[in-house]
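Heads up, the thing below is written out as structure tokens.
These numbers come from a predicted model, not from an experiment. Residue numbers begin at 1 in each chain, while the letters A, B, ... track the order of the sequences.
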Number of protein chains: 2
Amino acid sequence: MSTVDLAPQELRTLVAVAEEGGFSAAAVRLGTTQSAVSHAVRGIERKLGVVLFERGRFGARPTPAGARAVSHGRRVLRMLDVLVAETRSGSPAEVAGPLRIAAFRSAALHLLPPVLERLTARHPALEPTVTVVREVGPGTAGAVAEGRADLGIATFGTSAPIPPELVGDVLLEEPYSLVHPAGHPDPRSLPLVDWLENCSSYTRTWWAAQDWIPTATVRAEDDGAVLSMVSSGLGMAIMPALSLTGAPLSTQITDLGPDRPTRQIGYVTTPELAGTAAVRALVRELRELREPRELRAHANPAATTTKPQLRAV
Amino acid sequence: MSTVDLAPQELRTLVAVAEEGGFSAAAVRLGTTQSAVSHAVRGIERKLGVVLFERGRFGARPTPAGARAVSHGRRVLRMLDVLVAETRSGSPAEVAGPLRIAAFRSAALHLLPPVLERLTARHPALEPTVTVVREVGPGTAGAVAEGRADLGIATFGTSAPIPPELVGDVLLEEPYSLVHPAGHPDPRSLPLVDWLENCSSYTRTWWAAQDWIPTATVRAEDDGAVLSMVSSGLGMAIMPALSLTGAPLSTQITDLGPDRPTRQIGYVTTPELAGTAAVRALVRELRELREPRELRAHANPAATTTKPQLRAV
DNA sequence: CGCATCCATGAGTCGCCCTCATAGCTTCGC
DNA sequence: GCGAAGCTATGAGGGCGACTCATGGATGCG
């Protein structure tokens, strides 16, 4: 037996240092002193016999070993939370505890509220928190992979590929539409407004095939800003349905026809969290989105995967 | 933040109490005093606000909440071990540390040895241990679910269903055959020898449809005992191929024809361990069982991984 | 060079957890 | 009924680990 014990407080210290990028900042987050963090990290490194952080003027950056330790540490901490929550609640059916959701902006605004309402109605002891994450770079899936969230609402096909160690499923497919100021005679002649997260490769291909689409002349910060620009008459945009829910009356939405591009929205989570009662309850509610409710979303349940009873590793 | 911290030492105390069945015995195992165990358990119960053990003359038995805590605790402790092992070893390719395998008797005897030989040849620092678990009740899957093993070799379809929080895959399907004393003129007239773990529902159905099969007159402890009885001329038996490997020369095996029953053998592990280097290395070796080894050189590696990139939950 | 901002280190303090000793409870055997 | 033999519960005291405080060293910046 090597008998190396890492206390939860030590794991939290590792995670804080990695996320804050320095001992001092980590100390602030942990509500302790820089000295305590330094002592703790040094102690852990001595116990493990491995240097976990490169120190320097810049602060502290994880070494490869440190990155592994931090990633595992986050998962262990999360499992400890699950232990506490599921030990306290009388049965697995009784779902309780925190549930951290990462979502991109439009999903957080238009997709999640009704889902979370039903979820908390069914499980009052559940405390879901939603973090808005830019769907660029690692995106929401990255937040889940790094243990910052328990479940992510992600767009598939757009942005970076999903890390292989995550599991998930597609929830719905939504079309892109043309949005422009209401009553404009020739909206396609307007300048194009684009935004950062709007970068599906499939969409881009379709985009390039349309000769009427100009290169973007305006680039906004997020889809909400795009919509506000369009409603002010500054131009037109091509946006997914989710970003267009609740679009102001001064805008007009035009279908792009049968060849319109679409994007897939789904959820991702880690295998070990997929089994927890809280995540499963949320996934159950999210699946309801696949059944076409009378409202807007053009859900396409056709492509639902046939699931084997046992999932391969 | 409720922020209830359970130190590894506390988790080990819970596990020890549950497994030893009492505070005093747990104290001996932990190399500490009964008083320390009592204080620790009481402290944990106060932190969680839940009674974890029923105390009495008999010692201590886990309450339902206690059983959940112990089961989660074992898994957290295991993940902490993995954290230490994988942080220390230079790369994920460098696999090291203990690997606990639960298997039913015939798999441990006839299936695992060559697999483990190849595994340890490839990863000398890996220390696999095999525990033989009766495939009755929770079986090997139960051992994995409760954190007593990292990976289980299980029969699917037979015994209890696999707990939903586990993951795994089928490795091979093997037929049942008739085994009887060599040279017997009418083996089907012999009395039937059965054993405890032999209880697949599918097999039973097939069984009932065969008019020549009598009800079992002898019931042995395990498949090895059955085989020994058969070889002594005490009767005939219907056994899966794995139990018949290395059957003595005094026995004779007769194929049961195209409608013969079969059983599926596979592996089971927890989602959080499925991602660890050690378990993945073992699974890779186990997968070799699916294809005859001499074909492996020509096998298309892509064909073995035709699984969807995202696994549904 | 003075300054700001990092981390490192040593001494002192506090709190937690363990040990020791003992008390309470239940179940046997007689 | 009574004591012995199992358990666990509890209180007092001590040791060790973790934190704080104060200070020092390294490094980049104007």
* To do: Go through the steps to decide whether B:Ile101 and B:Thr129 satisfy the test side-chain contact (heavy atoms from CB on, under 4.5 Å), and finish with yes or no.
  => CA-CA 6 Å; B:Ile101 306 167; B:Thr129 58; over 6 Å; no
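Rounded to whole angstrom, the span from the CG atom of A:Asp5 across to the C1' atom of C:dC17 amounts to 14 Å. Separating the CG atom of B:Leu6 from the P atom of C:dC16 is a distance of 15 Å, rounded to the nearest angstrom. B:Leu30 places its CG atom 14 Å from the C1' atom of C:dC17, with the value rounded to the nearest Å. Between the P atom of D:dT8 and the CG atom of B:Leu52 lies a distance of 15 Å, rounded to the nearest Å. Note: CZ (A:Phe58) to C1' (D:dT27) measures 11 Å, nearest angstrom. Atom CD of A:Glu54 and atom P of C:dA8 are 13 Å apart (whole Å). Distance CZ (A:Phe53) to P (C:dA8): 11 Å, rounded to an integer number of Å.
The side chain of A:Arg55 contributes an N or O atom lying less than 4.0 Å from OP1 or OP2 of C:dA8.
For the segment residues 16-26 of chain A, the set of residues with a heavy atom within less than 4.0 Å of an atom of DNA chain C comprises A:Gly22, A:Phe23, A:Ser24, in numerical order.
With respect to B:Glu19 and B:Arg148, no salt bridge is recorded, no charged nitrogen being found less than 4.0 Å from a carboxylate O. A salt bridge links B:Arg75 with B:Glu272: the distance from a Lys NZ or Arg NE/NH1/NH2 to an Asp or Glu carboxylate oxygen falls below 4.0 Å. Note on B:Asp5 versus A:Arg12: salt bridge recorded, some NZ/NE/NH1/NH2 to OD/OE distance being below 4.0 Å. A salt bridge links B:Arg29 with B:Glu20: at least one charged nitrogen is closer than 4.0 Å to a carboxylate oxygen. Between A:Arg122 and A:Glu285, at least one side-chain N (NZ, or NE/NH1/NH2) sits under 4.0 Å from a carboxylate O, which counts as a salt bridge.
Of the residues listed (B:Leu273, B:Val144, B:Thr269), the one engaging B:Leu166 in a side-chain contact (heavy atoms from CB on, under 4.5 Å) is B:Val144, and it is the only one.
Among the heavy atoms of the strands lying under 4.0 Å from A:Arg57 is at least one base atom, whether or not backbone atoms are also near.
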* Reading 5' to 3' through nucleotides 18-23 of chain D, protein heavy-atom contacts under 4.0 Å coded B for base, S for sugar-phosphate only, - for none -> -SBB--
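Going from atom NE2 of A:His39 over to atom OG1 of A:Thr32 covers 11.5 Å, rounded to the nearest 0.5 Å.
Evaluation of the side-chain hydrogen bond (donor to acceptor under 3.5 Å, both in side chains) test over residues 50-61 of chain A, restricted to residues two or more places apart or in two chains, returns A:Glu45-A:Arg55.
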